[in-house]
2 protein chains.
Amino acid sequence: MSILLAAADVLRCFSSTRHDVTVTDLVALLDMPKSNASRLLRTMRDAGLLETVGDSKRYRPSVLLHQAGQVYRFSASLIDRADAVVARVSAEIGHTGYISVRQGTDIIGVTAHPGRHALRVVTAIGDRIAAFASSTGRALLARLPDDEIRRLYAGGFTPPSATAPQGFDELFARLAAARARGYAESEDEAVRGVGAISVAVGDPVSGDEVALCISFPAAMASAAERAAIITSLGQGAAEIAAITKDPRFIPLSSSIAE
Amino acid sequence: MSILLAAADVLRCFSSTRHDVTVTDLVALLDMPKSNASRLLRTMRDAGLLETVGDSKRYRPSVLLHQAGQVYRFSASLIDRADAVVARVSAEIGHTGYISVRQGTDIIGVTAHPGRHALRVVTAIGDRIAAFASSTGRALLARLPDDEIRRLYAGGFTPPSATAPQGFDELFARLAAARARGYAESEDEAVRGVGAISVAVGDPVSGDEVALCISFPAAMASAAERAAIITSLGQGAAEIAAITKDPRFIPLSSSIAE
DNA sequence: CAAAAAGTTCCATTAAATGGAACTTAAGTT
DNA sequence: AACTTAAGTTCCATTTAATGGAACTTTTTG
C-alpha cells in the first residue's frame, strides 16, 4: 500500500470542525501505530503538504493544498457556472446557497453563499454528508440508474434520522420523485428544522456533476418562496445544461406540484 | 526519497494557467522517467488526490485537495481577519484586493477581491510570484531582519524587470523604506502598468504572516487615492495586530510621505 | 517532583519505488 | 488503410522506503 493512501487519509481527517491534527489524533482516527503517525506527519510536512501550527505539535493543511484546491475549483468550469447561478438565486431569495459534488456515497460542499436572513443556515465547505440523506445528494443520485445506485450502496446505509430514507424502497421512491419533478428536496433530514431544494447538472466532456442547492429554515419558507427557488434553480441549471449539452439533465416538470 | 515529495511536486505543477497535467507534462516539468510519471499519476488518483478529467489522460486536483485547502483558509483565522479588511477596502476603493502568504522566496495569493473599476487587475489565486519583486513580498520580508533575508536569498535572485530591485543593496533600501513607512509599494514591477500597496501582519501564536494588498492600474491611481489605500490598509492591519499582539507589526509612520 | 501522556527514534522485516526497455495504444501522415 | 510517430503502460531486477513493536525522550498534568 502506498504511503499516498495514508497521506490522503490524513487529509480526509480535516474538516470544518478539525482544523489541525496531532500524532494522537491520527492514531485514534486512522487506527495507526503512533510511530507511523509521527513519521507520516513529519514526512508530509517535509514534502510541503502540511505545515505545523506555530511551533506546536499540531499539523494543518499547507498553502500548497489550498493552491491546488483552487485549481480544482477553477478548472472545473461547471462549478464556476453553477456557482454563478447559486450566487444569483441566493442573493434574490436571501437564503444560503451551495454548490456540492458527489464522491461515492458522500456529498462535499464546494462553494457557499450565506443568506441575508437572520435565521441563516450555515453548513461548512468541505464537510462530508451522506448523499442518500440530503437533497443535493439525491439530486445527483437521481442522475444514475437504479442498479448503479444499488451497486454504490452495496454495503447498505444507515439513516441518520427518521425523516431520511429508511431503506432502498424509500430511497428509490424519492429518487423517482426527484426525476419526475426535476428537483430534489429535503426537510428535517440531516439538520433539524432545515429544508433544502437542489437540482443537478453535469458536463459530459469533463465528467463533472454538481448540485445547486438553496437551504432554508423549514418554518420560514412559504410555498410561494419554495416555488420561486425551484423555478430559479431549475432555470439556471437548464441554461448550464444547454451549454454543456448535458444528456442526463432532468428539466423541471411543467406542473410544479407538491 | 519519499513518493510524497514527488506527489507534492506534482501539485506544484498546477497553477492558474495549468489546470491539468499529463504523463508527458510531468516528464518535462519534473524531469522524471515516464514510467514513473505514469504510475505516480495513477497512484495519486487511486489515493484520491487527483482525478481524471472525463475519460481523458489528463489529471487535475481532486475535491479532496479543495476540501483540505479550505481548511487551511479557515483554520488560519489571521487570513480570515485580513481578508475581511481587504474586502472592505477593496469595496471602498473599487480596486482589486488580495491576501497573500510567503513560502520561502515565493508569494502565493490566498484570496482575492476583484475591483469594480473597468481596468481591474486580476492576478490569479494560487500563482507564485517572486517575493523580492512585489509589494506583498517586500511587506512580508520587511518583517525579517536583513541577515535572515540574506540567508533566504543565499542563492541570489534574478530581477524580472528593470523596476524590480537589481541587487541586495536596492532590496535592502526598499525594505528599509517599507519599514520606515509601514507599507510597501510597487509599480510596473511584475506586471507592466500595475501598481500595488501592501501591508503585512502576523499572529505570533500560529506563526502565520499575511500581506494585505490593493492593486491598481498605475496610471489610474491619484496621490489622494493612494493615500486613502495606505490609510485604510494600515488601519485595518493595525486592528488585527492589536488582536494578535503581533510584536513585529510595523504601524504606518505618522507622516505619510511619498 | 512524580506520574502519565504524547511524541520520537531505533531496528529488522516487509513492501513499495525506481528507471530502463519492451510493449500497447492513440494520433497524425502519406 | 497502412505507415510513422508520439504518448502511455507494463515488466523486471534492483534499490530504497515504509512498517510496527519496543525502547527512549519530551511534554503535560496532578
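Nothing here was measured: the structure is a model prediction, and the numbers come from that model. Just so it is clear: chains get the letters A, B, ... in the order the sequence lines come, proteins before strands, and each one is counted from 1.
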Any carboxylate oxygen within less than 4.0 angstrom of a Lys/Arg side-chain nitrogen, looking at B/Arg128 and B/Asp106?
yes

Quick one: A/Leu40 CG to C/dA6 P, roughly how many Å, whole number?
19 Å

Starting from P on C/dA27, measure out to CZ on B/Arg58 and report it in whole angstrom.
12 Å

Tell me whether the NZ or CZ atom of B/Arg150 lies within the 45° cone about the ring axis of B/Phe168 and under 6.0 Å from its centre.
yes

Nearest whole angstrom, please: distance from the P of C/dA6 to the CG of A/Asp20.
15 Å

B/Arg12 and A/Gln67: side-chain donor and acceptor closer than 3.5 Å?
no

Whole-Å distance separating the NZ atom of A/Lys34 from the C1' atom of D/dA18
19 Å

Heavy atoms under 4.0 Å, any strand shown: does A/Arg39 hit a base, just sugar-phosphate, or nothing?
base

d(CG, B/Leu26; P, C/dT18) in whole Å:
12 Å

What is the distance, to the nearest angstrom, from the CZ atom on B/Arg42 to the P atom on C/dA17?
11 Å

For D/dA18, take OP1 and OP2 only and decide whether either is under 4.0 Å from a side-chain N or O of B/Ser2.
yes

Closest-nucleotide ordering on DNA chain C, the 5'-leading residue of A/Asn36 and A/Ile3:
A/Asn36

Please tell me which of the listed nucleotides, D/dT9, C/dG20, D/dT19, lies nearest to the side chain of B/Ser38?
D/dT9

Taking for each residue the nucleotide of DNA chain C with the nearest heavy atom, is it A/Tyr59 or B/Lys57 whose nucleotide lies nearer the 5' end?
A/Tyr59

Protein-nucleotide distance (A/Met32, atom CE; C/dA6, atom C1'), rounded to Å:
17 Å

Output yes when A/Arg81 and A/Asp208 qualify as a salt bridge under the 4.0 Å nitrogen-oxygen rule, no when they do not.
no

